[in-house]
**Student:** 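There's a structure below that I have some questions on.
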Amino acid sequence: MKHSTKYIGSAIAIVAASALALTGCASPSGSGSGSSGSSGALTPVKLQLQWFSQAQFAGYYAALKEGYYKDEGLDVTIVEGGADIVPQDALTSGDVDYAISWVPKVLGSIEQGAHITDVAQIFERSATTQISFKDKDITSPAELKGKKVGSWGYGNEWELFAGMQKDKVNVNDISLVQQAFDMNGFLSGDIDAAQAMTYNEYAQVLETTNPATGKLYQPDDLNVINWNDVGTAMLQDAIWADADRLKDDKAYGDTTVKFIKASIKGWVYARDNAQKAADIVTASGSQLGQSHQLWMTNEVNKLIWPSTDGVGMIDEKAWNQTVDIAKKTKNETGATIISADPPKDAYSNEYVKKALAELKDEGVDVMGTDFKPIEVTLKEGGK
């Protein structure tokens, strides 16, 4: 159920079991006012996800189901992540038109020659944490020293290592444990502090029965190190486009604005209709349980809302922080993600600004200033 891509050496590969493409065919639920392509032939568009269907991508599935892509004249196919599929590779090879991936993972690919652009930074905040049981008394990166610290590795470790190094803890000061894609090592005591995404692995722990009480574990049983609070958060899920096509093909640029616009409408829908959005993703074929899916929708909403400048806007400070960590933080082999700054066209706010302007003209709330997360009751096993 792990969501993220993996590095193998300097290359990146997604570990998964299969790939599946889903094509939009639902009729729109709204009026489609302001859309420029709601009649006539639709423009085919393929979106590559970085993992299986799950509520991490709820906005895209909602946009598909509610007809927002169709309102913009787009016939969107969502392609799930699968074995040996790297989102940015699928994009650069021309197999898809857009891809979802974490910024630090793509920075490595860009340095290796991929010419792609972050055109919409959907997740404003990082979801990566390091969790431990209260009796371990680990509340800061400094207290990881001498502990058994879990990491999936393969590109997911950089926020952890940056946080440790900020607190003068080197990788050789801990016992680094290769963490599996479940929380069994943590629950069995083999890992003192484990990596956990707020929307996935953290919930897996809370879906497990505490043998001491016979009831599910509770948040009060855990300490959480949040990299947003530490100051070493890195930008995660973004929409990536082909930089050469953006430069040379005006129609592709126009399609990019439409795609971003409809996708943001999907995320607005997920914000305002968390249960319905979770149900849409479940119906798409996701294997996650219903309570886990709703938890994930709610937690992902927290990463997006409230938005500082409008959903999708790339914040220069957050971008520079991600690049700085990617250049300076060393892993257990002494390697960094990149050795130099990425090119200027590694990100652009040009297209998302246009999309946001159209959405605002249509009266869509792209800020979510009054957003409040819902209460989600997890069930054993996430059922």
Side-chain angles (χ1 to χ4, degrees), residues 5 7 10-12 45 47-48 50 86-126 155 158-159 162 228 231-261 263-264 303-304 307-330 335-359 366:
T5 54
Y7 279 133
S10 59
I12 308 172
V45 170
L47 170 66
Q48 177 68 61
Q50 61 181 0
V86 181
Q88 53 268 38
D89 285 358
L91 177 59
T92 56
S93 67
D95 293 335
V96 298
D97 300 286
Y98 304 101
I100 308 300
S101 190
W102 287 13
V103 172
K105 296 174 184 294
V106 178
L107 289 177
S109 293
I110 290 175
E111 184 158 277
Q112 295 170 46
H115 195 198
I116 56 180
T117 301
D118 179 350
V119 291
Q121 186 59 51
I122 300 301
F123 287 8
E124 184 172 325
R125 290 163 279 276
S126 169
W158 299 104
E159 290 167 295
N228 297 286
T232 59
M234 303 178 84
L235 293 172
Q236 299 187 345
D237 289 33
I239 299 175
W240 296 86
D242 186 304
D244 291 323
R245 290 179 68 187
L246 289 174
K247 180 181 177 182
D248 300 331
D249 185 353
K250 182 181 183 302
Y252 179 66
D254 293 341
T255 296
T256 300
V257 174
K258 295 174 183 178
F259 180 78
I260 295 170
K261 177 184 176 183
S263 297
I264 291 174
L303 305 178
I304 301 171
S307 173
T308 302
D309 297 310
V311 177
M313 286 291 292
I314 300 116
D315 177 73
E316 184 177 7
K317 182 179 178 181
W319 176 272
N320 289 340
Q321 176 171 297
T322 299
V323 170
D324 190 58
I325 292 172
K327 284 170 50 181
K328 296 179 180 178
T329 300
K330 296 181 179 180
T336 60
I337 299 176
I338 55 176
S339 60
D341 288 337
K344 290 182 179 180
D345 64 359
Y347 83 86
S348 172
N349 280 319
E350 175 183 351
Y351 306 93
V352 68
K353 282 182 177 178
K354 293 178 181 178
L356 288 170
E358 291 185 18
L359 288 166
V366 299

**Student:** Please tell me if the side chains of Leu359 and Lys261 come closer than 4.5 Å, counting only heavy atoms from C-beta onward.
**Tutor:** yes

**Student:** Pick out which of Leu91, Asp237, Ile122 makes a side chain to side chain contact (heavy atoms under 4.5 Å, CB included) with Ile100.
**Tutor:** Asp237

**Student:** With rounding to the nearest 0.5 Å, note down the distance linking OG in Ser93 to CD in Gln88.
**Tutor:** 11.0 Å

**Student:** Return each pair, listed once, that meets salt bridge (charged side-chain N to carboxylate O under 4.0 Å, His left out) where at least one residue sits in residues 112-125; pairs must be two or more places apart or across chains.
**Tutor:** none

**Student:** Between Ser348 and Val119, is there a donor-acceptor pair closer than 3.5 Å when you use the side chain of the first and the backbone of the second?
**Tutor:** no

**Student:** Verify, without hydrogens or angle tests, whether Thr329 (side chain) and Ala326 (backbone) share a donor-acceptor contact under 3.5 angstrom.
**Tutor:** no

**Student:** Taking the side chain as C-beta and beyond, is there a heavy-atom pair between Ile338 and Ile110 under 4.5 Å?
**Tutor:** no

**Student:** For the atom pair OH (Tyr347) and CE (Met313), what is the distance rounded to the nearest 0.5 Å?
**Tutor:** 9.0 Å

**Student:** Is there side-chain contact between Thr255 and Tyr98, with at least one heavy-atom pair below 4.5 Å?
**Tutor:** yes

**Student:** Tell me the closest heavy-atom pair linking Pro87 and Ala99, and the distance in Å.
**Tutor:** O-CB, 3.5 Å

**Student:** Heavy-atom distance under 4.5 Å between the side chains of Lys327 and Thr336, does that happen here?
**Tutor:** no

**Student:** Taking atom OH of Tyr351 and atom OG1 of Thr117, what is their separation to the nearest 0.5 Å?
**Tutor:** 7.5 Å

**Student:** Side chains of Phe259 and Ile239: closer than 4.5 Å at any heavy-atom pair?
**Tutor:** yes

**Student:** Could you check whether any side-chain N or O of Gln112 sits under 3.5 Å from a backbone N or O of Gly108, counting only pairs where one atom can act as donor and the other as acceptor?
**Tutor:** yes

**Student:** For residues Ala120 and Ile314, report the shortest heavy-atom separation together with the two atoms involved.
**Tutor:** N-CD1, 4.2 Å

**Student:** Indicate yes or no: at least one non-hydrogen side-chain atom of Leu235 is less than 4.5 angstrom from one of Asp315.
**Tutor:** no

**Student:** As an exercise, state the distance from CG of Asp244 to CD1 of Ile116, rounded to the nearest 0.5 Å.
**Tutor:** 11.0 Å

**Student:** Ignoring hydrogens and angles, tell me if any N or O in the side chain of Asn228 forms a donor-acceptor pair with the backbone of Ser126 under 3.5 Å.
**Tutor:** yes

**Student:** Salt-bridge test for Lys250 and Asp254: reply yes if a basic N is under 4.0 Å from a carboxylate O, no otherwise.
**Tutor:** yes

**Student:** Side chain to side chain contact (heavy atoms under 4.5 Å, CB included) for Glu159 and Gln236? Distances and angles first, verdict last.
**Tutor:** CA-CA 11 Å; Glu159 290 167 295; Gln236 299 187 345; 3.4 Å; yes

**Student:** Please walk me through it: do Val257 and Glu358 pass side chain to side chain contact (heavy atoms under 4.5 Å, CB included)?
**Tutor:** CA-CA 10 Å; Val257 174; Glu358 291 185 18; 4.2 Å; yes

**Student:** Using side-chain heavy atoms (C-beta onward) and a distance below 4.5 Å, is Pro342 in contact with Val323?
**Tutor:** yes

**Student:** Under 4.5 Å between any side-chain heavy atoms of Ile337 and Met234, yes or no?
**Tutor:** yes

**Student:** Taking all atoms of both residues into account, what is the closest heavy-atom pair of Ser101 and Gln50, and its distance?
**Tutor:** CA-OE1, 3.1 Å

**Student:** For the atom pair CG (Asp249) and CG (Asp242), what is the distance rounded to the nearest 0.5 Å?
**Tutor:** 9.5 Å

**Student:** If you look at every heavy atom in Ala233 and Ile325, which pair is closest and at what distance?
**Tutor:** O-CD1, 4.1 Å

**Student:** Which is it for Asn349 and Gln121 under the side chain to side chain contact (heavy atoms under 4.5 Å, CB included) test, yes or no, and what are the steps along the way?
**Tutor:** CA-CA 9 Å; Asn349 280 319; Gln121 186 59 51; over 6 Å; no

**Student:** State whether the side chain of Tyr252 and the backbone N or O of Asp97 hold a donor-acceptor pair below 3.5 Å, judged by distance alone.
**Tutor:** yes

**Student:** What are the two closest non-hydrogen atoms of Ala238 and Val103, and how far apart are they?
**Tutor:** CB-CG2, 4.4 Å

